[in-house]
Amino acid sequence: MAARTVLAAIGQRMVDGGEPSEVSREVMLLLDEMEELLSGKVLNYAVRGAG
């Protein structure tokens with residue numbers, strides 16, 4: 001899902017006339033925001049124990 005979001009963001013920004021260097025910076029910020037939303041609680045949701 002995250003990959004699809006990133007690709008959609010890149011595609012839309014490029015279609016809108018964005019410069020590659022500008023688009024890459026914006027997408028890196030988007031990835032940082034996505035990572036923050038995926039806190040440890042979410043990342044560890046429903047993880048099975050070893051055993």
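Since the structure is predicted, the reported quantities are computational estimates derived from the model, not experimental observations.
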> According to a 4.5 Å side-chain heavy-atom criterion applied to Ile, Leu, Val, Met, Phe, Trp and Tyr, with indirect links allowed, do Val27 and Leu7 form part of one hydrophobic cluster?
Replying inline: no
>> I need the minimum non-hydrogen distance between Ala9 and Leu30, along with the two atoms involved.
In response: CB-CD2, 3.7 Å
>> Can you confirm whether Arg25 sits close enough to Glu22 that some side-chain heavy atom of one is under 4.5 Å from a side-chain heavy atom of the other?
In response: yes
> Checking side chain to side chain contact (heavy atoms under 4.5 Å, CB included) against Asp16, which of Met14, Arg13, Gln12 comes through?
Replying inline: Gln12
>> Once rounded to the nearest 0.5 Å, what's the spacing between atom CD1 of Ile10 and atom OG1 of Thr5?
In response: 11.0 Å
>> Within the supplied structure, the quantity of interest is the number of heavy atoms (other residues, nucleotides, ligands) at a distance under 6.0 Å from Glu26 CD; does it exceed 12?
In response: yes
